[in-house]
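Counting starts at 1 for both ligands and their atoms, in listed order. The figures that follow rest on heavy atoms only: side chains count, while hydrogens, waters and symmetry mates do not. What you see is a predicted model; the values in this text were computed from it and never measured.
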Amino acid sequence: MAKPTTPRAASAKAKAAAPAAGADHNRPRPQTPADYKASKEELLEFYRQMVLIRRFEEKAGQLYGLGLIGGFCHLYIGQEAVAVGIQSALKPGKDSVITGYRDHGHMLAYGIDPNVIMAELTGRGAGISRGKGGSMHMFSVEHKFYGGHGIVGAQVSLGAGLGFAHKYNNDGGVCVAYFGDGAANQGQVYESFNMAELWKLPIIFVIENNQYAMGTSVNRASSEDQLYRRGESFRIPGLQVDGMDVLAVRGATEEALKWVQGGNGPILLEMKTYRYRGHSMSDPAKYRSREEVQAMRDKSDPIEGVKKYLIEAGVSEDDIKAIDQNIRKIVAEAADFAESSPEPELHELYTDVLVEQY
Ligand SMILES: Cc1ncc(C[n+]2csc(CCOP(=O)(O)OP(=O)(O)O)c2C)c(N)n1
Ligand SMILES: [Mg+2]
């Protein structure tokens, strides 16, 4: 079994890719980002959002076990700092986001109501996709959140389209297209890279490198496992970031936004992160040891990391506990709502399946 490197060991917070051999050394490069300097209030908000994602996902896992959630369900536990750090730098209603099927955490980080996300998971009419999308197919046009996609890598091409729309409409927005380390080996990703750079589209490609694609470690599946270099042959610069540290994530996002908004075209962020749970709810867990997962939890947990920052900023343990209790209440209410609200009516079977826009 190939042993993945830990996010912290692999990068000193963030590093920029060296230009590839033979590259044009005169062209500008993004700066190596610094960690974001958060105020106490911002740290509290990061903590609140990350704990919300963690507790929400734990509850979703429980509801799945009880048979209340059907179909697929991919939990985001361990990766919270990525969505929270990036979303915090975006302009709500202006910038757009698209991701794969591991999408609940992204929606929560976007401030979408936990009740309607949980109700979608349980297939209820009050769910964000009216109970017909489920875990992998959630959207909120209002929040410019464009899903939720089950085809590995497909969202990257769709994201390039969103980037194109921002440019075409000259609306000043930026698209963030998330995908996994496994998706990084899909062909359409590179077709999208080519067009995005050629047309200087305002898009940030974010690889959430959680070290595994289902049961295959990135080192086993990738000839170039330093994924932040993957855009270089298209002249897309890359940054590798400690995705377990929300301040490193936010700092890199600031740099990426500066790059894209400066008219330089796309940029690639590789977030080194880790998922604690199985790929989906059925996972034989034979491809890594318990010790590996435990070591990551002990050394690099993103929530414990923010807690440390909070304590350094003078926030008391009691204040932190009060946030934890409040989040437990919000999640319990979301679960109650999701269990008690009705399933969609039969006559709704064919409604809202296709949105026609001309
Ligand atoms: C085109 C396509 N091929 C294969 C699958 C099956 N599949 C679903 S998830 C997955 C692994 C993807 O891993 P990664 O991109 O690292 O994302 P992660 O699950 O780690 O978030 C695969 C192979 C799929 N859904 N779509
Ligand atoms: Mg992965």
Side-chain angles (χ1 to χ4, degrees), residues 1-7 10 53-54 57 60-61 64 71-86 97-109 133-138 147-160 176-193 205-228 230-231 238 240-244 249 268-288 292-293 296 300 302:
M1 190 191 313
K3 216 173 163 357
T5 49
T6 66
I53 295 172
R54 176 86 44 109
E57 294 288 68
Y64 197 95
F72 285 104
C73 184
H74 307 83
L75 303 180
Y76 198 61
I77 295 174
Q79 301 181 213
E80 296 91 346
V82 178
V84 169
I86 293 180
V97 167
I98 190 163
T99 185
Y101 42 80
R102 204 176 292 287
D103 58 352
H104 325 153
H106 290 274
M107 305 191 80
L108 290 167
S135 166
M136 302 200 289
H137 303 114
M138 301 200 195
H149 294 270
I151 305 299
V152 169
Q155 75 274 18
V156 182
S157 312
L158 298 173
V176 179
Y178 292 90
F179 54 109
D181 46 286
N185 289 329
Q186 291 291 88
Q188 63 179 304
V189 169
Y190 298 93
E191 297 180 38
S192 310
F193 280 5
F205 295 108
V206 179
I207 303 180
E208 290 197 76
N209 181 359
N210 62 10
Q211 328 263 350
Y212 293 96
M214 299 181 89
T216 307
S217 77
V218 65
N219 322 61
R220 276 183 67 203
S222 300
S223 56
E224 171 55 277
D225 64 1
Q226 298 302 300
L227 302 179
Y228 68 110
R230 288 287 186 95
Q240 189 178 55
V241 185
D242 178 354
M244 302 298 262
V249 173
L268 176 63
L269 299 179
E270 180 197 0
M271 295 290 166
K272 298 271 300 196
T273 182
Y274 198 77
R275 75 167 150 73
Y276 296 169
R277 295 290 187 93
H279 165 72
S280 66
M281 301 313 291
S282 58
D283 180 319
K286 292 220 169 95
Y287 51 88
R288 61 181 181 184
E292 180 189 308
V293 182
M296 197 62 77
S300 309

Legend entry - Lys/Arg cation over aromatic Tyr212: Arg288, 6.0 Å, 45° cone: yes
Legend entry - Short N/O/S contact of Glu208 with the Mg ion (ligand 2) (below 2.8 Å): no
Inset, instruction - Could you tell me if any non-hydrogen atom of Gln186 lies under 4.0 Å from any atom of ligand 1? - result: yes
Inset, instruction - Considering heavy atoms of the protein only, find what lies nearest to atom 21 (O) of ligand 1 and give residue, atom and distance to 0.1 Å. - result: Arg102 NE, 2.9 Å
Inset, instruction - Would you mind checking which non-hydrogen protein atom is closest to atom 15 (O) of ligand 1, with the distance to 0.1 Å? - result: Ala183 N, 2.8 Å
Legend entry - Shortest reach to atom 18 (P) of ligand 1 by a heavy atom, considering only Tyr274, Tyr101, Tyr76: Tyr101
Legend entry - Protein residue, atom and distance nearest to atom 11 (C) of ligand 1, heavy-atom basis: Met214 CG, 3.5 Å
Legend entry - Arg230 bridged to Glu224 by N-O distance under 4.0 Å: no
Legend entry - Main-chain N/O of Tyr76 paired to Glu57 side chain as donor or acceptor, under 3.5 Å: yes
Inset, instruction - Identify, for atom 14 (P) of ligand 1, the protein heavy atom at the shortest distance, and state residue, atom and that distance. - result: Gly182 N, 3.4 Å
Inset, instruction - Please work out whether any backbone atom (N, CA, C, O) or any side-chain heavy atom from C-beta onward of Val152 is under 4.0 Å from ligand 1, and answer side chain, backbone, both or neither. - result: both
Inset, instruction - Indicate if the distance from the Mg ion (ligand 2) to the nearest N, O or S atom of Asn210 falls below 2.8 Å. - result: yes
